[in-house]
Amino acid sequence: MLQRAQRLGIPFHSFSPKEFPSKKKYEEKILEILMDKEIDLVVLAGYMRIVGATLLEAYESKIINIHPSLLPAFPGLHGIRDAFKAQVTKTGITIHYIDKGVDTGPIIYQEKITLSKEETLESLEAKIHQIEHQSYPKVIEKIIEEMNSGGIKHD
């Protein structure tokens, strides 16, 4: 991912939470970079960590995430696998604002898919990722347009 950003001339910073004595110090470093770059919206993809108070307070209703299930069903790390194991007939993706819970923030957008009788975990993962890759950029663009026109509208 970093090579791709570098190849495309996209600025990036890379560091590990393990390099910091605490989650708070780690998030303070992230916040320092975000503030320095005057970032208005934080878009998560594959972050796989609970966002703490340091970032939540500074970016209230300005951190969005994508989750591979129809929240509130199957929150947490393994949304696709959990939905598949539960043998649901429908699942999908959720794009939502981050809050202090785990995948509990206000929902911005959801897209459903129907599982076929022949569905495998691998085929479901592929479908979910395809929907994520198509939907997330469109939703992000809409949020940015709404921010630029005077405010974010919660659906």
Side-chain angles (χ1 to χ4, degrees), residues 1-84 91-113 121 124-155:
M1 192 67 76
L2 295 180
Q3 290 99 354
R4 186 175 183 191
Q6 191 170 21
R7 189 178 72 245
L8 295 171
I10 298 169
F12 64 88
H13 296 270
S14 177
F15 47 87
S16 169
K18 294 175 185 175
E19 297 173 33
F20 297 85
S22 66
K23 178 178 184 170
K24 183 175 181 1
K25 293 291 183 189
Y26 171 68
E27 289 195 350
E28 285 173 350
K29 179 64 176 175
I30 294 171
L31 185 57
E32 176 188 316
I33 293 166
L34 295 173
M35 295 297 193
D36 181 57
K37 301 293 182 186
E38 299 179 355
I39 302 299
D40 295 323
L41 180 68
V42 177
V43 178
L44 304 177
Y47 186 64
M48 308 303 277
R49 300 186 167 281
I50 296 172
V51 177
T54 301
L55 292 173
L56 285 173
E57 290 170 10
Y59 281 89
E60 185 176 352
S61 298
K62 293 188 178 170
I63 304 174
I64 62 173
N65 186 45
I66 188 161
H67 183 77
S69 79
L70 295 173
L71 294 173
F74 311 111
L77 291 175
H78 304 290
I80 299 171
R81 184 193 68 194
D82 294 346
F84 183 77
T91 189
I93 66 156
T94 302
I95 299 169
H96 63 100
Y97 290 101
I98 295 292
D99 66 6
K100 63 183 176 180
V102 176
D103 297 323
T104 57
I107 293 171
I108 302 165
Y109 175 83
Q110 290 186 308
E111 189 167 330
K112 297 177 186 174
I113 61 167
L121 179 57
L124 180 57
E125 287 173 343
K127 285 180 184 178
I128 292 289
H129 294 315
Q130 181 179 12
I131 293 169
E132 287 176 330
H133 296 159
Q134 292 171 349
S135 298
Y136 210 18
K138 291 176 187 173
V139 172
I140 294 165
E141 183 176 12
K142 181 179 178 195
I143 290 169
I144 292 169
E145 286 172 3
E146 290 171 353
M147 288 173 69
N148 289 336
S149 69
I152 297 175
K153 299 174 184 99
H154 295 274
D155 292 340

Before accepting this row, confirm whether a basic side-chain N of the pair Lys25/Glu28 lies closer than 4.0 Å to the acidic partner's carboxylate O. yes
Charged N-O contact under 4.0 Å between Glu32 and Lys29: yes
Check for a donor-acceptor pair, side chain of [X] on one end and backbone N or O of [Y] on the other, with a separation under 3.5 Å.
| X | Y | result |
| --- | --- | --- |
| Gln110 | Leu71 | yes |
| Tyr136 | Ile95 | no |
| Glu19 | Ser16 | yes |
| Ser149 | Glu146 | yes |

Does the side chain of Thr91 reach to within under 4.5 Å of the side chain of Ile128, using non-hydrogen atoms? yes
Hey, mind stepping through Ile63 and Tyr97 against side-chain contact (heavy atoms from CB on, under 4.5 Å) and telling me if it holds? CA-CA 6 Å; Ile63 304 174; Tyr97 290 101; over 6 Å; no
If a pair satisfies side chain to side chain donor-acceptor pair (under 3.5 Å) and one of its residues is in residues 65-80, list it, with sequence neighbours excluded. Asn65-His96, His67-Ser69, His67-Asp103
Would you compute the distance between atom [atom1] of [X] and atom [atom2] of [Y] and round it to the nearest 0.5 angstrom?
| X | Y | atom1 | atom2 | answer |
| --- | --- | --- | --- | --- |
| Leu121 | Arg81 | CG | CZ | 8.5 Å |
| Ile93 | Glu111 | CD1 | CD | 5.5 Å |
| Asp99 | Thr104 | CG | OG1 | 3.0 Å |
| Leu55 | Glu60 | CG | CD | 13.0 Å |
| Lys62 | Met147 | NZ | CE | 5.0 Å |

Give the minimum heavy-atom separation between [X] and [Y], together with the two atoms involved.
| X | Y | answer |
| --- | --- | --- |
| Ala53 | Glu27 | N-OE1, 4.0 Å |
| Asp82 | Pro75 | OD2-O, 4.4 Å |
| Leu31 | Ala58 | CD1-CB, 3.4 Å |
| Ile50 | Lys23 | O-NZ, 2.6 Å |

Test side-chain contact (heavy atoms from CB on, under 4.5 Å) on His129 and Ile80; report intermediate values, then the result. CA-CA 10 Å; His129 294 315; Ile80 299 171; 4.1 Å; yes
Please lay out, stage by stage, how Lys138 and Lys142 fare under the test side-chain contact (heavy atoms from CB on, under 4.5 Å). CA-CA 6 Å; Lys138 291 176 187 173; Lys142 181 179 178 195; over 6 Å; no
List the residues meeting side-chain contact (heavy atoms from CB on, under 4.5 Å) with Gln134, not counting sequence neighbours, and say none if there are none. Gln130
Suppose we screen for ring pair (Phe, Tyr, Trp, His ring centres under 6.0 Å). Which residues come up paired with Phe15, at least two apart in sequence or across chains? Phe20, Tyr26
Per the side chain to side chain contact (heavy atoms under 4.5 Å, CB included) rule, which among Ile39, Thr54, Ile98 passes with Tyr59? Ile39
Test side-chain contact (heavy atoms from CB on, under 4.5 Å) on Ile108 and Ile143 and set out the steps. CA-CA 9 Å; Ile108 302 165; Ile143 290 169; 3.8 Å; yes
